[in-house]
Structure formats: structure tokens, C-alpha cells
Amino acid sequence: MSLRDKLVEILPTLLPAREEDAIKGTELIARVRAVLGEAYSDRSLRSQFSFIALEPDSCLARVPNGQGYYLKGDDDSPSLHNVFTDEHDGYAPLHKALALAVRLYDTAGMGVFVYPLEEEESWEHPDLVAVQWPAGSMTADGCYIIDPTSSQHPAYRSVCIALTTDATECRRAFFRAVACGLWAQESELLIVGDDSAAAHELTRLASQFGVGVRTLTVDEELLAELPGADVIFRSGTADARAMLADLQQAPLAHPRYRSAPLQTEEDLPAILAARQWVEGCIDRGRVEAYEFRVAVN
């Protein structure tokens with residue numbers, strides 16, 4: 001049984017029932033160790049607490065300032081379910097891969113706009129758009145505030161995701177990245193999986209077409225053990241970086257910057273959703289939370 005499963009089983013008996021009686025993480029760790037022993041480090045336990053607290057159906061709730069835990073009531077937590085198809089709830093491998101991709105870019109300081117996963121992959125829009133914002137600063141709570149005096153314009157990177165290492169499928173995914181990114185300053189293909197057998201060919205194609213290629217090595221077993229996509233989406237920056245640090249990343253080719261698009265928004269109306277989100281954030285002077293950075297189905 002995994003650490004997460006053990007915690008889900010024992011936490012309801014260890015947590016106070018009321019928010020005003022919430023206990024700090026150190027005390028919760030002590031209570032867990034009284035049951036599970038000393039097999040797990042403080043870091044492992046705290047990371048699991050953070051992930052479990054973000055799961056919509058978990059028993060663990062965290063007080064708003066993050067200083068304590070208590071037993072969650074019956075109120076539903078908000079979800080990003082509109083990113084996923086109706087028959088899944090965020091635990092499918094592709095959903096987790098999408099969430100990992102989002103955190104890969106946003107923990108690097110880029111804004112990320114997400115397109116819902118469809119039954120058939122789209123050749124009209126990418127899976128996500130990573131945005132390099134105009135100059136600004138981070139607040140204490142992790143919100144990016146855009147400098148209203150900045151004369152910079154946002155730069156767009158179109159990103160397609162491939163959950164495959166098969167050479168033929170990687171080649172197909174590459175040309176999807178080409179097709180979906182003609183409107184943006186940069187295009188990139190992110191391959192999530194084991195080491196790609198097509199690395200040499202993709203590098204050659206990237207040089208010819210100017211599309212970046214990046215790999216994030218995650219085997220099927222590890223992908224299955226990761227928390228659901230909702231949890232990965234909402235994890236704090238430190239937790240997301242720690243999760244990504246355990247995965248091997250390799251840029252096979254960097255995207256080539258285009259000063260002028262090869263295709264206009266009029267040719268790709270699906271791109272307008274990402275443009276409108278970015279322009280709205282700039283007008284309001286701040287980058288919005290994940291609930292608002294998702295295209296409507």
C-alpha cells in the first residue's frame with residue numbers, strides 16, 4: 001500500500017473535526033508516526049498532506065493561511081473538470097501529463113492557458129499556450145502582478161503534448177505541433193513518457209522547422225502513482241517543483257522565435273480564447289487562477 005493510501009485510511013481518525021481546532025503540520029506528523037512508525041521523512045509526509053488536501057473528495061482540509069489541518073466537511077471543492085472529458089475525472093494518464101506540462105511551464109515563470117482534452121486531438125489549437133508576460137512582480141501569495149507602465153508585449157508559445165515514445169506517433173505529434181503553432185512566436189512539442197526512440201529524428205526535424213522538442217521522462221508506473229490532475233494543477237509552487245525535480249527533463253531542441261506569425265487568428269478562431277484570456281489578465285493587471293485560464297468546451 002502506498003503512503004498516500006495509508007494516509008487516506010488513517011487521517012479521518014487523527015484530524016480534529018472543526019477548523020478552529022486545526023492542528024499544525026508538526027503535530028499531524030507526530031500523530032501519523034504514532035500509527036505508521038518512522039518509515040517516512042517529514043518532507044514526504046508534508047508533501048502528501050499538501051496533495052491530499054487539494055483532492056476534491058479527500059478528508060483533509062487546510063486552513064486558509066496554511067498553518068493547520070482539520071477534517072474536511074461535506075462542501076465540495078472547486079474542480080477543473082471542464083479540462084477533462086466526461087468519462088474521466090483527472091486520473092487518466094493524459095490528464096496527469098497535461099497537468100505536469102502546465103506546472104513545468106508555470107513554475108518557470110510563464111503563464112499557461114489550457115485547452116480541454118478532447119476525444120480526438122485537435123489540429124486547430126495546441127494543448128496549452130505558455131505566455132511570457134510583460135514585466136511585473138510576484139506578490140507574497142504567489143500572484144503575478146503586471147507592471148502597468150511596461151511597454152512589452154506578451155509572447156506566445158504553442159505547446160502540444162505527446163504521451164508516447166513510439167517513433168511513428170512522435171513524428172505525427174511533431175507535425176501536429178507544427179500545424180498548431182503557426183500563429184505563435186514559438187512552437188514546442190513536449191513528450192511525456194519513457195526515453196523517446198525518435199530523439200535523433202525529432203532533433204533533425206526541429207532544426208528544419210524551428211519547433212522546440214522537450215522530453216519529460218515518466219514511466220507508466222510512476223505516472224499511475226502521481227496524484228490526480230486536479231491536485232497537480234493546484235499544488236503550491238514548491239510542491240510542484242519538488243515533483244518535477246524527481247523527473248528527468250531534456251530539451252532536445254529549442255524553439256526558434258518568430259517575430260511575425262505565419263498564420264493569423266482569423267485562420268484559427270480557436271486561438272482567440274487564449275488571446276482573450278491574456279488580454280484580460282493584462283487589462284486587470286494580474287494573472288488569474290487556473291479556473292479562469294481554461295477554454296470553454
Side-chain angles (χ1 to χ4, degrees), residues 47 50-51 54-56 77-85 88-118 121-122 125-133 138 142-144 154-163 173 176-177 180-181 184 186-193 212-218 222-223 226-249 251 255 270-271 273-275 277-278 281 286-297:
S47 294
S50 297
F51 294 143
L54 291 168
E55 293 179 355
S77 298
S79 174
L80 289 166
H81 59 85
N82 60 327
V83 178
F84 315 131
T85 52
H88 296 295
D89 58 4
Y91 285 90
L94 187 56
H95 298 160
K96 294 183 181 183
L98 176 65
L100 287 172
V102 169
R103 303 319 306 272
L104 180 67
Y105 291 97
D106 79 356
T107 56
M110 303 184 79
V112 182
F113 183 87
V114 187
Y115 282 90
L117 291 169
E118 302 166 350
E121 60 191 14
S122 173
H125 63 73
D127 297 310
L128 60 90
V129 177
V131 184
Q132 188 66 56
W133 296 107
M138 298 293 292
C143 180
Y144 188 79
Y156 296 86
R157 181 181 298 180
S158 168
V159 180
C160 290
I161 301 167
L163 190 63
R176 178 179 172 241
C180 292
E186 296 177 342
S187 302
E188 189 160 64
L189 170 64
L190 175 65
I191 301 173
V192 180
V213 180
R214 183 193 301 240
T215 61
L216 186 63
T217 303
V218 189
L222 177 56
L223 199 60
L226 289 175
D230 247 4
V231 176
I232 299 173
F233 271 122
R234 298 179 185 279
S235 299
T237 300
D239 289 330
R241 284 178 174 159
M243 184 189 307
L244 291 167
D246 291 333
L247 308 177
Q248 182 179 350
Q249 303 176 37
I271 298 304
R275 291 276 196 190
W277 174 73
V278 170
C281 288
R286 60 189 293 130
V287 179
E288 295 173 316
Y290 285 116
E291 296 94 296
F292 305 102
R293 58 175 76 175
V294 178
V296 177
N297 277 319

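Residues: numbered from 1 along the sequence shown.
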Under 4.5 Å between any side-chain heavy atoms of [X] and [Y], yes or no?
| X | Y | value |
| --- | --- | --- |
| L128 | L190 | no |
| L100 | L223 | yes |
| P126 | C160 | yes |
| K96 | V218 | no |
| Y115 | L98 | no |
| H95 | I232 | no |

*Residues in side chain to side chain contact (heavy atoms under 4.5 Å, CB included) with P154, at least two apart?*
V131, P134, Y156, V278, I282
*Mind checking what makes side chain to side chain contact (heavy atoms under 4.5 Å, CB included) contact with L94, not counting sequence neighbours?*
L117, L163
[X] and [Y]: which non-hydrogen atoms are nearest, and at how many Å?
| X | Y | answer |
| --- | --- | --- |
| W133 | C281 | CH2-CB, 3.8 Å |
| L104 | R214 | CD2-CD, 3.6 Å |
| S122 | R176 | O-NE, 2.6 Å |
| G181 | S187 | O-OG, 3.1 Å |
| Y105 | A130 | CD2-CB, 4.0 Å |
| P227 | Y91 | C-CE2, 4.5 Å |

*CA sep, side-chain torsions, deciding dist, call: D239, R103, salt bridge (Lys or Arg N to Asp or Glu O under 4.0 Å)*: CA-CA 10 Å; D239 289 330; R103 303 319 306 272; over 6 Å; no
*Atom SG in C180, atom CG in L189: separation rounded to 0.5 Å?*
11.0 Å
*Of all residues at least two apart in sequence or in a different chain, which pass the salt bridge (charged side-chain N to carboxylate O under 4.0 Å, His left out) check with R157?*
E186, E188
*asked:* Among V114, T107, V159, exactly one meets side-chain contact (heavy atoms from CB on, under 4.5 Å) together with V102. Which residue is that?
replied: V114
